[in-house]
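First the structure, in the form of structure tokens, and then the observations on it.
Treat the numbers as computed from the prediction; the structure is a model and nothing was measured. Proteins come first, then strands; the chains are lettered A, B, ... in the order of their sequence lines, and each starts at number 1.
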Protein chains: 2
Amino acid sequence: MEVRQHLSQLDLFKGLTAEQLEAITGTVTEKDYRKGELIFAEGDEGVGFYLVIRGRVKVYKLSAEGKEQIMHIFGPRMPFAEVPVFAGSRYPANAEAMESSRLFFFPKKSFITLIQENPLLAMNMLASLSQRLKQFSNLIETLSLKEVPGRLASYLLYLSDKNGSIDEFKLDIAKSQLASLLGTIPETLSRIFAKMGAREIVSIKGPEITILDREGLEDLAEGNTKL
Amino acid sequence: MEVRQHLSQLDLFKGLTAEQLEAITGTVTEKDYRKGELIFAEGDEGVGFYLVIRGRVKVYKLSAEGKEQIMHIFGPRMPFAEVPVFAGSRYPANAEAMESSRLFFFPKKSFITLIQENPLLAMNMLASLSQRLKQFSNLIETLSLKEVPGRLASYLLYLSDKNGSIDEFKLDIAKSQLASLLGTIPETLSRIFAKMGAREIVSIKGPEITILDREGLEDLAEGNTKL
DNA sequence: CGCTGCGTTGAGCTTCTTCAACGATCGTGG
DNA sequence: CCACGATCGTTGAAGAAGCTCAACGCAGCG
């Protein structure tokens with residue numbers, strides 16, 4: 001029923017005509033996932049891509065010893081797993097629902113048809129992939145060129161930004177998941193939070209963060225300062 | 001003169017008609033760069049994208065202390081810097097010619113027009129970006145989940161593959177550049193090469209590599225073994 | 001011939017991880 | 001509603017991995 005309603009609000013389908021939206025609607029499948037449920041695994045055949053309607057999804061890789069690196073967290077209105085639609089045919093990472101989530105599924109084959117008949121849709125998809133590429137660049141930079149305190153500082157500033165550049169906000173994910181996103185482990189993250197608290201750069205009460213010294217935090221993020 | 005000749009051989013323009021190629025040819029500029037010359041810097045206005053005709057180009061980020069992380073090395077027939085054409089407007093990293101190089105430059109504005117009139121070109125570009133995304137996923141995995149010996153082992157196996165799965169080959173870049181690509185520094189790389197030599201996993205004579213124990217190398221790459 | 005850039009080696013140190021124990025919190029079933 | 005278990009987070013001590021700094025060899029090139 002409201003599939004079409006959803007579609008019309010998405011950046012990916014921005015500017016499309018009613019008929020075009022209708023055509024896309026016909027190809028979509030709705031899927032629900034429980035918290036912790038696996039959506040696909042690395043190496044699975046990539047039969048299509050997804051779009052988050054409700055909930056959140058993490059896309060991640062695992063090391064031989066089981067360490068997890070989160071590549072990206074997707075929330076409502078964000079498409080993911082587009083890569084195998086256009087290159088190769090297998091998913092290059094794992095995807096799991098972080099909460100009870102509702103997704104739309106777009107089968108590869110029909111989507112390719114749609115995109116070929118629809119230059120605007122192609123442009124939107126190009127924009128989406130380019131955006132992702134930029135985010136991956138940032139992740140690479142962060143992992144390789146910053147130490148953990150710098151990564152955490154960057155993330156906190158990013159979160160603050162997302163909340164309207166306000167100084168008080170809540171972590172949007174569990175700390176253990178944040179550790180995985182920042183390419184470290186919970187113990188290390190915990191110690192760094194403790195140090196940042198001791199220096200009165202931020203105050204931490206559970207998931208509640210208050211930035212006390214934004215300048216100090218920015219210096220950390222830039223690597224101008226050490227903890 | 002031979003601009004059109006070049007274009008017809010590229011994956012990016014695969015399947016296009018003669019007229020379409022002609023239209024693209026009209027928008028292209030040829031540019032030459034000397035070894036070490038900067039092509040663009042992070043934050044520069046992204047006025048278009050490039051394609052390598054001859055030579056090699058590294059795209060990299062720099063940390064506050066000047067450490068370099070190479071994101072990607074582009075050789076002949078490979079396009080780069082497409083991101084600002086489709087998302088945002090600034091280059092997210094630096095680009096420099098590693099050798100004397102000849103590039104084609106495609107201005108953003110005219111290329112967008114071309115792509116909108118040309119679904120096949122759009123598909124090719126989507127494939128190219130998706131490919132890049134996959135490579136970035138691998139880099140993230142490698143940087144975050146493998147230790148340096150594992151990264152080096154992976155790279156050597158990749159090189160061997162590229163040369164037809166043969167056991168003897170030459171490093172295609174300087175060791176200091178390899179260090180930067182693997183997210184480490186020359187000293188560390190050198191020590192690990194020495195260890196791999198001592199264990200008779202590979203033999204190293206300057207840039208000449210011989211794989212002596214492929215299985216051992218694969219175990220290292222998978223993280224099943226330590227040095 | 002000497003300079004310059006690249007690569008190697010050693011010693012010491014910083015950062016991060018590992019392993020272990022413990023505390024807090026939350027949801028659930030009795 | 002309480003108690004329990006599970007998950008999550010914190011803290012300490014020890015160790016590993018990689019980085020910094022410094023010195024030096026070597027090759028290529030002006």
Write down the distance between [atom1] ([X]) and [atom2] ([N]), rounded to a whole number of angstrom.
X	N	atom1	atom2	value
B:Leu178	C:dG7	CG	C1'	13 Å
B:Ile192	C:dT9	CD1	P	13 Å
B:Lys226	C:dT17	NZ	P	12 Å
B:Ile185	C:dC13	CD1	C1'	13 Å
B:Lys205	C:dT8	NZ	C1'	18 Å
A:Lys35	C:dT28	NZ	P	11 Å

Polar atoms only, N or O, under 3.5 Å: list the protein pairs with nucleotides 20-23 of chain C and their distances.
none

### Query
More 5' along DNA chain D: A:Ser190 or B:Thr188, using each one's nearest nucleotide?
A:Ser190
With sequence neighbours left out, what residues match [X] under salt bridge (Lys or Arg N to Asp or Glu O under 4.0 Å)?
X	result
A:Lys205	none
A:Glu168	none
A:Glu147	A:Lys226
A:Glu96	none

### Query
Should the pair A:His72 and A:Phe136 be assigned to parallel (<30°), tilted (30 to 60°) or perpendicular (>60°) ring geometry?
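The arrangement is tilted - the two ring planes meet at 30° to 60°.
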### Query
Any idea how A:Phe104 and A:His6 line up, ring-wise: parallel (<30°), tilted (30 to 60°), or perpendicular (>60°)?
perpendicular
In a table with atom names and distances, give each donor-acceptor pair under 3.5 Å that connects a side chain of residues 190-204 of chain A to protein atoms at least two apart or in another chain.
none

Which donor-acceptor pairs under 3.5 Å do the side chains of residues 181-188 of chain A make with protein atoms, sequence neighbours left out?
none

#### Entry: Contact under 4.0 Å: B:Ser176 side-chain N or O vs C:dG7 OP1/OP2
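For C:dG7, OP1 or OP2 has a side-chain N or O of B:Ser176 closer than 4.0 Å.
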### Query
Just the endpoints, please: which first and last nucleotides of DNA chain D, 5' to 3', lie under 4.0 Å from a heavy atom of chain A?
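Range of nucleotides within reach of chain A: D:dG9 to D:dA13.
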### Query
Does the cation-pi check pass for A:Lys108 over A:Phe111, that is, NZ or CZ under 6.0 Å from the six-membered ring centre and within 45° of its axis?
no
### Residues touching DNA chain C, which here means a heavy atom under 4.0 Å, drawn from residues 140-155 of chain A
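Listed by number, they are A:Glu147, A:Val148, A:Pro149.
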### Message
If you count every heavy atom of other residues, nucleotides or ligands that lies below 6.0 Å from B:Ile166 atom CD1, does the total exceed 12?
### Response
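No - once you tally the heavy atoms of other residues, nucleotides and ligands closer than 6.0 Å, there are 12 at most.
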Throw together a table of side-chain donor-acceptor distances under 3.5 angstrom for residues 206-217 of chain B, partners on residues two or more places apart or in other chains.
unit_1	atom_1	unit_2	atom_2	d
B:Asp213	OD1	B:Glu215	N	3.3
B:Asp213	OD1	B:Gly216	N	2.8
B:Arg214	NE	B:Asp167	OD1	3.4
B:Arg214	NH2	B:Ser160	OG	2.8
B:Arg214	NH2	B:Asp167	OD1	2.7

### Message
Based on the rotation axes of five pairs at each end, what angle does the helix from C:dC1-D:dG30 to C:dG30-D:dC1 bend through, to 10°?
### Response
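Helix axis angle between the two ends: 30°.
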### Message
Centroid separation under 6.0 Å, is that true for the rings of A:Tyr155 and A:Phe169?
### Response
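Centroid separation for A:Phe169 and A:Tyr155: 6.0 Å or greater.
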### Under the ring pair (Phe, Tyr, Trp, His ring centres under 6.0 Å) test, residues paired with A:Tyr91 that sit two or more places apart
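Partners of A:Tyr91 under the ring pair (Phe, Tyr, Trp, His ring centres under 6.0 Å) test: A:Phe40.
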